[in-house]
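The figures here come from the full heavy-atom set of this structure, side chains too, leaving out hydrogens, waters and symmetry mates. First the proteins, then the strands, lettered A, B, ... as listed; each starts at 1.
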Amino acid sequence: MSLEQFKDRNVTQNYKFIPVDKPPVAPMDKFKQVVKRTFRGELFVGLWVVFREMVKFNIHTVQYPKEKLPISPRYRAVHKLYRLLESGYERCIGCGLCEKICIANCIRMDTRYDENQRKEVTEYTINLGRCIFCGYCAEVCPELAIVHGGRYENASEQRAHFVLRDDILTPLDFLKEGKQEEFPGFGAVSPNADERIKKTPLAY
Amino acid sequence: MTLTEFVISTIVKILVVLGIFSALAGFGTYLERKILAFMQRRLGPMHVGPYGLLQVLADGIKLFTKEDIIPQNSVKPIFMIAPIIGAATAFIALAAVPLLPEFEIFGITVHPIISDVNVGVLFVLGVMASGLYAPLLAGMASANKWGLLGAARTVIQLLSYEVVTGLSIMAPLMMVGSLSLIDINNYQSGGFADWIIWTQPVAFVLFLIAGFAETNRTPFDLLEHEAEIVSGYATEYSGMRWGMFFIGEYTNMITLAFLASLIFLGGFNDWGFIPGALAIILKVSFLFFFFLWTRAAWPHVRPDQLMWLCWKVLLPLAVVNIVITGLVLMI
Amino acid sequence: MSEITIKIDGKECKAEEGEFILNVARANGIFIPAICYLTRCSPTLACRICLVEADGKQVYACNAKSKDGMEVTTLTENIAEERRAIMEVYDVNHPLQCGVCDQSGECELQNYTLEMGVDEQHYAIKDVPREAKDWGLMHYDPGLCIVCERCVTVCKDMIGDAALKTVPRGGEALDKSLKESMPKDAYAMWNKLNKSLIGTVTGDTLECTDCGECIAVCPVGALVSSDFQYTSNAWELNSIPAACAHCSAGCHLYYDVKHTSIDNPEPRIYRVKNEWNYVSLCGAGRFGYDFENRVEGKDEEAFKRAVEAFEKADTIRFSSTITNEEALILQRLKEKRGYRLVNEEANRFRKFMESFSKTAGTTLWSGDLKSVHNSDFVVSIGSQLKSDNPRARFAFNNAIKMNKGAGLYFHPVKDPVVEGFGKNLLCINHKPGLEEAAMYLILDLFGEKEAMPKEVVEYLDSFHSKGTKTVEETIKEKVTETVTKTVKDEETGEEREVTEEVTKMVPKKVTKEVEVDLNRLLDILEAPEDFSDRMVKMLAKKEKFSIILGEDLFCHPRSENLARLAGLIQRCTDFDVVILPSKTNTLGVSLICDLDDEAGEYVVGYNAEGDFVLSASGDGDLDMPALNQQEGTFTNVDKRVVPTNAALGYRGYLLNDLANALGLKAELTIEYTAALPEAKGYKSFEFDDLPNRYTNSGEEIRGYRITAQSVEPDEAGASHIDESAAMDGDVAYRCNPVLQFNEFTKKSHELETEAKLYLSAERLESLGVEEGDRVRVVLPEGGVELAVEVDKFIGGDIVMVPDFDPKVGAERIFASNRYQNVTIEKV
């Protein structure tokens with residue numbers, strides 16, 4: 001896949017130009033225009049339309065705190081840190097790409113060399129007070145470890161509440177119940193990923 | 001009827017009218033919000049009380065308890081008086097309007113009109129016209145350019161359309177031969193076919209258009225056009241003073257609805273099987289609804305279009321209508 | 001060496017005859033990919049990616065010498081194919097751990113893989129288990145290793161430890177059919193790669209001087225600092241160019257700075273980087289970086305007391321680990337308030353240089369470390385190179401390795417590291433105190449008789465005598481033999497015997513007496529018997545000479561005479577002389593400050609002892625910023641004023657604040673940079689105008705060089721050798737172990753250690769103590785109690801007392817001489 005194709009978001013620019021008549025200049029033309037507009041009954045069409053809608057009573061209001069719209073799984077609200085499905089270890093490998101790509105500069109992580117000779121993420125914070133929920137972190141994450149969740153209600157009294165890491169990490173019991181669902185948004189494996197990669201030969 | 005009785009009954013009527021119409025003005029805002037919402041596929045106020053009914057109350061409490069802010073450079077006495085003029089004139093205009101047919105309660109015959117002036121129409125129109133001082137003074141006193149613009153627009157709009165209102169009801173009055181609203185009402189007592197609207201449709205339309213303009217309703221609400229001049233003359237107002245403008249506006253709408261019903265739509269005469277009291281309430285309600293309906297459906301006009309419409313279309317039409325009516329009456 | 005012109009990709013490039021094409025290309029901004037080649041080291045030919053076409057023939061740019069008029073094409077179709085195949089091979093079995101790898105994007109494997117457009121893999125081979133190894137300060141992960149052998153090369157050619165080598169990898173051999181199907185060079189490179197990994201010479205552990213240069217040169221994340229590993233991505237770090245503050249080399253380096261952690265936004269230094277193509281760091285520079293002095297804020301009380309102390313004081317004692325600007329502030333304070341400036345160590349150096357200039361005719365030495373790198377005959381006298389100035393040692397080693405050079409190393413302490421530099425190196429472990437003899441020997445061997453003062457020539461002649469020597473020579477003799485052999489007639493098939501006469505040359509040993517020139521200097525120095533013969537061989541085809549003179553000479557009872565001899569060497573021989581200042585900025589201090597000999601009654605100490613102590617190590621009466629928290633300049637061994645920048649902030653008071661309180665006026669310390677004394681060779685440059693970089697061709701553009709002043713030399717020559725100064729018996733030497741220089745290296749967390757008594761393994765045995773035992777070291781000027789530690793990098797009987805810990809007081813005890821007679825008692 002070439003870069004050009006990748007950049008094409010399949011948006012066709014389908015603009016229509018509406019011809020606009022020149023406004024009449026002569027008094028008679030103006031009068032004609034008034035007559036035309038008056039007796040075309042457009043005013044009454046307008047009245048009819050709104051009346052019809054009132055009678056149909058097809059209400060679209062969502063009474064927000066009581067009712068909530070189902071949000072798209074690709075919605076980008078407060079992040080989640082995922083765990084590996086079987087072992088339950090954190091998926092995050094501490095590569096720091098999210099930290100790097102974050103344009104609001106709100107992600108920070110501390111890492112160290114742990115006893116198992118692996119890179120361990122000892123602390124991870126997202127300053128949600130600063131986050132603009134652009135989704136770059138989820139897109140760049142090579143392990144699908146950080147994703148966006150659906151929790152968008154994050155008004156709080158203190159800024160400190162915007163950095164809680166434990167809130168975004170999948171709880172272990174939650175994981176065991178199989179409730180950790182894969183994120184289909186930016187950064188997820190595309191359905192045709194297999195076709196798009198070239199296989200590396202293996203000697204065993 | 002003794003003088004005492006007269007005074008007492010008048011005071012009672014005044015209080016009832018004041019109470020009911022203030023409440024109606026409030027309730028009118030609720031209705032407006034609801035109807036507009038329904039027409040726009042929304043729900044409108046829902047949270048305060050059942051179906052948001054207590055929203056009016058909540059708003060009232062809010063308006064009453066809000067801090068009364070008077071801008072530093074305003075002309076303070078005038079700034080403070082202006083809204084009172086608005087509300088007062090609206091209610092005073094109602095004095096000469098027969099609201100319902102006569103009825104008896106506790107053995108007392110009630111004339112549901114505060115004062116049956118024999119030039120009722122003139123009185124009502126005159127007082128309503130003097131209501132123009134409210135926005136004019138408010139806008140000029142508040143030391144705010146939007147206020148000033150709003151005031152200027154008010155003056156040109158109200159003055160212009162005052163002419164059309166007067167001329168448009170001239171023709172029905174010529175037919176009735178009286179300026180008393182009760183006489184006009186009684187002129188149409190013959191039933192549906194007697195309604196003046198059938199003989200004076202042009203006058204009705206002109207009156208209605210002019211009425212819209214005079215009550216500052218869409219499509220003619222130029223004086224507080226949010227997109228252009230913030231809130232016009234009311235920009236600097238808040239709390240109850242602002243609320244009084246509102247009450248005045250809604251009361252004016254009701255007054256106008258009454259006038260239109262009485263002059264053109266058969267007044268409080270019985271309408272077929274519908275008793276007269278109910279009939280006029282229905283008519284007024286419809287007209288009130290019509291005010292809201294147009295607001296939901298129609299766009300604003302530009303000030304120049306407004307003036308053009310008034311002086312070049314409506315006024316000639318009204319004059320032609322009077323002339324034709326006169327000719328018909330003579331023949 | 002003559003200037004020639006070659007054409008690379010159509011661009012005319014000036015080059016020196018015989019310069020490698022790759023270096024010419026780099027100097028002219030032409031890109032030729034290369035993985036295994038290291039500037040200043042010998043070509044390894046491991047990666048073969050620097051393939052170019054020179055005059056129609058494919059050669060490796062890293063080892064093909066340029067010839068006049070040569071036409072080089074850096075990219076042809078075939079070369080592109082080879083390069084791509086090579087990168088594919090490098091990617092075979094390389095783990096996809098880029099996410100956690102410490103190279104974090106600064107990876108040459110990644111870069112070249114992308115550069116060559118490798119988007120598909122054609123090759124595969126079964127991998128072998130490769131276990132990560134912990135080598136102390138270094139950590140080696142063979143899984144990531146691409147066996148470019150840069151670490152091996154730099155360790156051997158530059159550092160001189162030769163502690164790394166390639167070891168067999170094991171595993172399957174390549175499929176033979178690949179030889180036909182693969183590009184030729186890629187196959188050859190893979191064949192080699194597939195057989196080897198990096199290992200240590202000593203087995204599982206790494207025994208070296210821990211310079212960490214292998215970490216710097218590693219193109220991938222295979223060799224990393226154990227302490228830095230997995231703590232930060234490279235891109236998060238802010239690199240601050242600076243000069244190393246530990247020794248007089250003043251190496252260019254970068255402090256990589258980042259916030260400490262999520263909870264602590266204070267910046268801290270995570271690691272040190274260097275421009276490894278142009279400058280090599282020692283372990284102290286690389287691992288001893290966090291010696292900053294953290295203070296909470298301005299301690300106004302202490303400051304007030306400091307100002308009072310300064311008002312009361314008549315003497316300022318200070319160490320030479322300060323910047324030029326601070327030295328100038330102290331000098332200005334002296335001018336204004338009449339303080340005595342006391343710095344014994346810099347004063348010794350100043351006196352030495354003064355005497356030096358009287359015979360040399362100039363105030364400064366002629367060479368620098370670059371001239372040592374470029375020379376092919378190097379002499380070192382009076383310096384424990386690996387701990388006094390590791391850069392000088394690298395230069396020494398590099399000269400011997402790269403220029404087919406030879407060298408002489410005069411030092412009382414046996415040094416296995418220097419001995420390992422190569423065969424063309426003669427180490428002479430003379431008795432302490434006989435440095436004069438070594439200097440005279442150099443004059444004797446290399447001095448131009450006409451230029452030298454007459455009495456020196458006469459004195460040198462007095463050492464020579466004629467003698468005879470029995471020499472065993474091998475001569476070739478012509479021998480004729482009769483041989484009978486059987487020959488088969490090809491036509492008839494018959495066999496018959498033929499007798500032939502064969503003449504051949506046969507070596508034969510002959511003994512004969514030869515008249516030789518005997519040199520008593522050699523006897524004094526206890527030089528090996530075949531010294532003269534070896535010198536003849538070592539001096540063959542040598543063109544560039546340099547000599548390194550160290551601290552032993554100026555911390556010596558006869559330092560004045562040694563200085564005069566050094567001056568004579570500079571004036572009368574072809575040698576480029578390099579004198580190693582003893583501390584970071586000793587040269588700067590000795591030039592800028594008028595130093596006094598004696599301290600007065602009330603002493604303010606700046607990083608030195610006194611009645612009121614300003615200290616950058618955090619244990620004084622008023623805190624001062626350490627050298628990684630200050631901007632300023634050093635005057636280093638290359639006679640260069642090099643700028644350094646503040647890697648970390650400092651919240652407390654600076655010396656400049658004190659100076660302002662005492663009547664001087666400068667907003668910033670660096671305002672003094674332009675005011676450094678021009679009479680001493682400094683130039684009037686603003687600090688912010690000082691450059692600090694290397695060019696692509698390796699030219700050092702850092703600060704500026706100070707100019708030497710010429711002095712009218714006196715014709716007094718030098719005094720005779722004081723043979724009585726030779727020390728016998730147990731001797732202690734004031735010298736730091738490798739990686740330690742001062743209280744700051746001691747403080748840094750990776751190098752943190754206690755001062756100990758360092759001795760060789762054989763001395764440990766002869767003393768009858770165990771490692772870790774505490775002993776009492778009794779010296780003429782005082783005693784000290786220390787634990788014993790074996791230093792693998794020394795031999796012989798001399799023990800070392802370190803001065804990196806001021807508490808030991810070695811500086812005072814060894815003030816008159818770096819060698820002292822010692823008695824060691826077990827506690």
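- For A/Phe31, no part sits under 4.5 Å from any heavy atom of chain B, backbone or side chain.
- Taking a 6.0 Å sphere around CZ of A/Arg91, one finds it holds more than 12 heavy atoms contributed by other residues, nucleotides or ligands.
- Under a cut-off of 6.0 angstrom, the local environment of OH in A/Tyr136 is sparse, with at most 12 non-hydrogen atoms contributed by other residues, nucleotides or ligands.
- In this structure, A/Phe133 places its CZ atom where more than 12 heavy-atom neighbours from other residues, nucleotides or ligands lie under 6.0 Å away.
- For CD of A/Glu86, the number of neighbouring non-hydrogen atoms (other residues, nucleotides, ligands) closer than 6.0 Å is 12 at most.
- When every heavy atom of B/Leu43 is checked against every heavy atom of A/Thr61, the shortest pair comes out as N-OG1, 3.0 Å.
- In this structure, A/Met54 and B/Ile35 approach most closely via the heavy-atom pair SD-CG2, 4.1 Å.
- The environment of OH in A/Tyr64 is crowded: more than 12 heavy-atom neighbours from other residues, nucleotides or ligands sit within 6.0 Å.
- Put simply, the side chain of B/Trp298 never gets that close to the backbone of A/Gly46: no donor and acceptor are under 3.5 Å apart.
- If you tally non-hydrogen atom pairs under 4.5 Å between each of A/Arg52, A/Lys56, A/Glu53 and chain B, the highest count goes to A/Glu53.
- Scanning both residues, B/Trp293 and A/Leu47, for their nearest heavy atoms gives NE1-O, 2.8 Å.
- In this structure, the side chains of A/Val55 and B/Phe38 stay at 4.5 Å or more apart for every pair of heavy atoms.
- Residue-environment remark: CZ (A/Phe44) stays at or below the threshold of 12 foreign heavy atoms within 6.0 Å.
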